[in-house]
Amino acid sequence: MRANLRHERLLDLLETSGPVDVATLARLLDVSDATIRRDLSALEHAGQLRRLRGGAAPALEREAPFERVATQNPLEKRAIAEHAAGLVPDDAVVVLDIGTTTSLVARLLRGRRVTVITSSLAVYDELRDDPVVDLMLLGGLVRANYHSMVGFLTEQAIAQVQADLLFLGTSGVRRDGSVFDTTAVEVPVKKAMLQVADRVVLLADHTKLPGGGYARVCGPDQYDVLVTDREVDDESARVLADSDVEVHVARPLTPARTGTDPYDTQEDS
């Protein structure tokens, strides 16, 4: 990969995932740690990122907009969403966290006899006109950048419900199984969701294993299933097994194998 393309990909990873360590960047970009350190030094000198101890962060503390994140790893996210939707039985009460993958899960639940509870406006957009799904949108302060609801009203509303399943999103999962996020204001909402679900399913594509984030959401003892698109590393597999977390690998299909795009008739939120 040429240096300019590598730099562009590196900056995209930082903007999408927040702070990321050198080893993770080297693994994702398939280069040596030394190459990543040289890239980070060059990009820091150009004012395009901030160096941290052992890694780097975006130049500005801002979250990538929902629309941009939705374009990252689309085949992997679709595979994960399809597998996740298959875990939902009829008549289930499901909490859908914010995020681009959970919005795809919502799309796949259209026409299903289920109840969906969410703080995601993207999920709401997917299901608001569905005559079969019972949809509950949690109130709160609107975060327009990421199409979500946050704040004490959202947290209080979540506390009034009980769900069979929670599909939880993340910015990154550490090798000890801990789940992190890059946006502190979302973390209390995620923690509140964890308290009301009988079973928690974590959705994370391979770029988040291990991944970034600085605000801790939970440990591996607080989720039951991880759905991802590649096998996890041996250390993470041991930790998750010790915490009785099931790891489900949803293999993405290539466009040639799928033949047609199952989502090409609808516009991404």
Side-chain angles (χ1 to χ4, degrees), residues 9 12-13 16-21 23-30 64 69-88 94-109 120 122-123 165-182 186 190 193-194 197 199-213 215-255 257-258 262-263:
R9 176 63 176 144
D12 281 344
L13 286 168
T16 301
S17 299
V20 182
D21 61 82
T24 298
L25 290 170
R27 176 178 59 84
L28 293 175
L29 296 174
D30 195 26
V69 177
T71 66
Q72 304 287 331
N73 306 313
L75 293 177
E76 290 84 351
K77 290 177 180 178
R78 289 174 186 178
I80 291 169
E82 288 170 358
H83 187 92
L87 300 176
V88 180
V94 182
V95 176
L96 289 182
D97 189 14
I98 68 163
T100 55
T101 307
T102 52
S103 71
L104 290 177
V105 175
R107 187 175 298 179
L108 292 163
L109 292 178
S120 168
V123 169
L165 282 166
L166 162 63
F167 290 105
L168 184 70
T170 178
S171 297
V173 183
R174 303 294 167 83
R175 282 198 167 88
D176 66 357
S178 295
V179 177
F180 278 75
D181 203 80
T182 57
E186 296 285 358
K190 292 175 182 286
M193 289 177 171
L194 287 166
R199 189 167 173 81
V200 178
V201 180
L202 179 65
L203 308 179
D205 67 57
H206 68 277
T207 65
K208 299 175 180 178
L209 292 158
R216 190 177 189 273
V217 177
C218 69
D221 58 320
Q222 290 181 270
Y223 55 96
D224 304 285
V225 179
L226 166 66
V227 181
T228 187
D229 60 289
R230 294 185 191 174
E231 299 291 344
V232 300
D233 64 87
D234 291 342
E235 181 183 346
S236 297
R238 284 193 297 272
V239 169
L240 294 172
D242 288 344
S243 297
D244 295 323
V245 176
E246 301 172 19
V247 178
H248 296 191
V249 180
R251 303 288 184 185
L253 298 178
T254 65
R257 289 172 62 194
T258 58
Y263 305 114

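This structure is a prediction, so every number in the text was calculated from the model and none was measured.
- Contact check on Glu82 versus Arg107 returns no salt bridge, with no Lys/Arg side-chain nitrogen under 4.0 Å from an Asp/Glu carboxylate oxygen.
- Using a distance-only test at 3.5 Å, with no hydrogens or angles considered, a donor-acceptor pair links the side chain of Asp224 to the main chain of Val200.
- In terms of modelled atom types and a separation under 3.5 Å, the side chain of Ser171 and the main chain of Thr182 share a donor-acceptor contact.
- Taking the charged nitrogens against the carboxylate oxygens, Glu76 and Lys208 have no contact shorter than 4.0 Å, which rules out a salt bridge.
- A side-chain donor-acceptor contact under 3.5 Å links Ser120 to the backbone of Ala122.
- The side chain to side chain contact (heavy atoms under 4.5 Å, CB included) test with Val217 singles out one residue from Thr170, Leu202, Leu194, and that residue is Leu194.
- With Arg175 as the fixed residue, the side chain to side chain contact (heavy atoms under 4.5 Å, CB included) test singles out one of Val239, Val232, Asp233, Leu209: Asp233.
- Checked by atom type and distance alone, the side chain of Thr228 pairs as donor or acceptor with a backbone atom of Ala204 at under 3.5 Å.
- Tyr223 places no side-chain N or O within donor-acceptor distance of the main-chain N or O of Cys218, the cut-off being under 3.5 Å.
- Looking only at distances, no side-chain donor or acceptor of Lys190 sits under 3.5 Å from a matching main-chain atom of Ile98.
- With hydrogens and angles ignored, the 3.5 Å screen pairs a side-chain donor or acceptor of Asp229 with a backbone N or O of His206.
- At most 12 non-hydrogen atoms from other residues, nucleotides or ligands lie less than 6.0 angstrom from CZ of Arg230.
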